[in-house]
Amino acid sequence: MAKNTLSEAQFWSQRIAKTSLRALHILGIVGSGGGILLQVPQATWLNYWLLAMVTGSLLLLWEVVRDWRWLIQLKGVLTLAKVGLLCLFIPLAEYKPSIFITVLLLSVLVSHGPAGLRHYSIVHRKQIHSKKEIKG
């Protein structure tokens with residue numbers, strides 16, 4: 001077996017773990033997003049917000065640990081842009097619904113956009129699909 005090849009059991013374990021984490025992340029987004037968009041009291045949706053932030057941070061960390069190049073691909077750059085926008089929730093609290101909608105639309109672009117867009121390296125000005133395509 002090659003050095004970086006996972007066994008079938010490892011592959012499925014990681015796949016199930018990441019899918020479960022993503023499902024919890026979506027639950028957190030739906031719960032907090034509903035509260036933000038409907039402008040209900042923060043205490044009602046805060047636990048969902050915390051769930052979304054913790055799971056989102058873990059998913060981001062997962063990608064960076066798996067391959068640091070994720071940070072220079074558009075999927076990573078746009079994810080970091082989403083984090084930056086979320087930081088605006090505090091100083092621009094009156095714009096939370098608009099910021100949330102922007103972050104949600106960026107999320108769809110990152111998750112469901114064409115591979116050529118998601119894998120585009122802003123550093124190399126080309127698509128990067130594997131570690132073999134660039135050194136480091």
Side-chain angles (χ1 to χ4, degrees):
M1 186 165 21
K3 182 179 174 184
N4 292 327
T5 303
L6 298 174
S7 71
E8 189 170 345
Q10 289 171 319
F11 170 80
W12 283 107
S13 295
Q14 287 187 16
R15 184 72 181 245
I16 290 168
K18 190 171 182 185
T19 301
S20 299
L21 194 57
R22 188 174 286 127
L24 290 171
H25 184 63
I26 291 170
L27 175 62
I29 290 168
V30 170
S32 60
I36 291 165
L37 293 175
L38 298 174
Q39 299 179 351
V40 299
Q42 182 176 327
T44 307
W45 52 266
L46 185 59
N47 287 335
Y48 289 105
W49 173 261
L50 294 172
L51 179 63
M53 294 303 103
V54 168
T55 55
S57 297
L58 290 171
L59 287 165
L60 189 153
L61 182 62
W62 187 306
E63 293 298 336
V64 173
V65 168
R66 184 183 62 81
D67 185 0
W68 67 267
R69 293 162 190 88
W70 179 86
L71 291 167
I72 61 172
Q73 292 175 311
L74 272 180
K75 57 187 174 179
V77 172
L78 292 175
T79 299
L80 294 175
K82 292 183 331 184
V83 171
L85 286 169
L86 291 173
C87 290
L88 296 177
F89 266 29
I90 295 169
L92 302 175
E94 66 273 16
Y95 296 105
K96 274 184 193 173
S98 297
I99 295 168
F100 178 81
I101 290 169
T102 302
V103 169
L104 183 67
L105 293 175
L106 278 174
S107 296
V108 172
L109 183 65
V110 170
S111 296
H112 302 287
L117 175 71
R118 290 182 293 115
H119 295 172
Y120 182 81
S121 166
I122 62 167
V123 173
H124 301 90
R125 307 258 189 252
K126 67 177 186 173
Q127 294 177 36
I128 302 296
H129 295 283
S130 71
K131 295 177 181 181
K132 296 176 185 174
E133 294 181 65
I134 58 174
K135 295 181 180 180

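Scanning for side chain to side chain contact (heavy atoms under 4.5 Å, CB included) contacts around V103 gives K82, L85, L86, I99, S107, with sequence neighbours left out.
A distance of 5.5 Å separates CG in L80 from CH2 in W70, rounded to the nearest 0.5 Å. Atom CD1 in I128 sits 6.5 Å away from atom CD1 in I72 (nearest 0.5 Å).
Nearest heavy atoms, R118 versus G113: NE-O, 2.8 Å. Closest approach of L71 to V77, counting heavy atoms only: O-CG2, 3.4 Å. Closest non-hydrogen pair, G28 versus L51, comes out as N-CD2, 3.8 Å. Pairing each heavy atom of T44 with each of Y48, the nearest pair is O-CD1, 4.3 Å.
Using a 4.5 Å cut-off on side-chain heavy atoms (C-beta onward), V83 and L60 make contact. L88 has its side chain out of reach of Y95: every pair of non-hydrogen atoms, C-beta onward, lies at least 4.5 Å apart. Contact check for H25 versus L58: no side-chain heavy atoms found under the 4.5 Å cut-off. L74 is not listed as a side-chain neighbour of L109, based on a closest heavy-atom distance of 4.5 Å or more. In this structure, L105 and I101 have side chains that are in contact, with non-hydrogen atoms separated by less than 4.5 Å. Counting heavy atoms from C-beta on, the side chains of W62 and Q14 come closer than 4.5 Å.
Grouping the Ile, Leu, Val, Met, Phe, Trp and Tyr side chains by contacts below 4.5 angstrom, directly or via other members, places F89 with L50. By the rule that hydrophobic residues join a cluster once side-chain heavy atoms approach within less than 4.5 Å of another member, W49 and I29 end up as members of one cluster. A continuous path of ILVMFWY side-chain contacts below 4.5 Å connects L38 to I36, so both sit in one hydrophobic cluster. In the hydrophobic cluster analysis, where Ile, Leu, Val, Met, Phe, Trp and Tyr join through side-chain heavy atoms closer than 4.5 angstrom, L37 is grouped together with L106. Hydrophobic clustering (side-chain heavy atoms under 4.5 Å, transitive across Ile, Leu, Val, Met, Phe, Trp, Tyr) keeps M53 apart from L21.
Within 6.0 Å of CZ in F11 there are more than 12 heavy atoms belonging to other residues, nucleotides or ligands. Atom CD of E8 is surrounded by 12 or fewer heavy atoms from other residues, nucleotides or ligands within 6.0 Å.
With hydrogens and angles ignored, the 3.5 Å screen pairs no side-chain donor or acceptor of W45 with any backbone N or O of G34. Checked by atom type and distance alone, the side chain of E63 never pairs as donor or acceptor with a backbone atom of G76 at under 3.5 Å.
Test K75, Q127, K126 against H119 for side-chain hydrogen bond (donor to acceptor under 3.5 Å, both in side chains) and you get one pass: K75.
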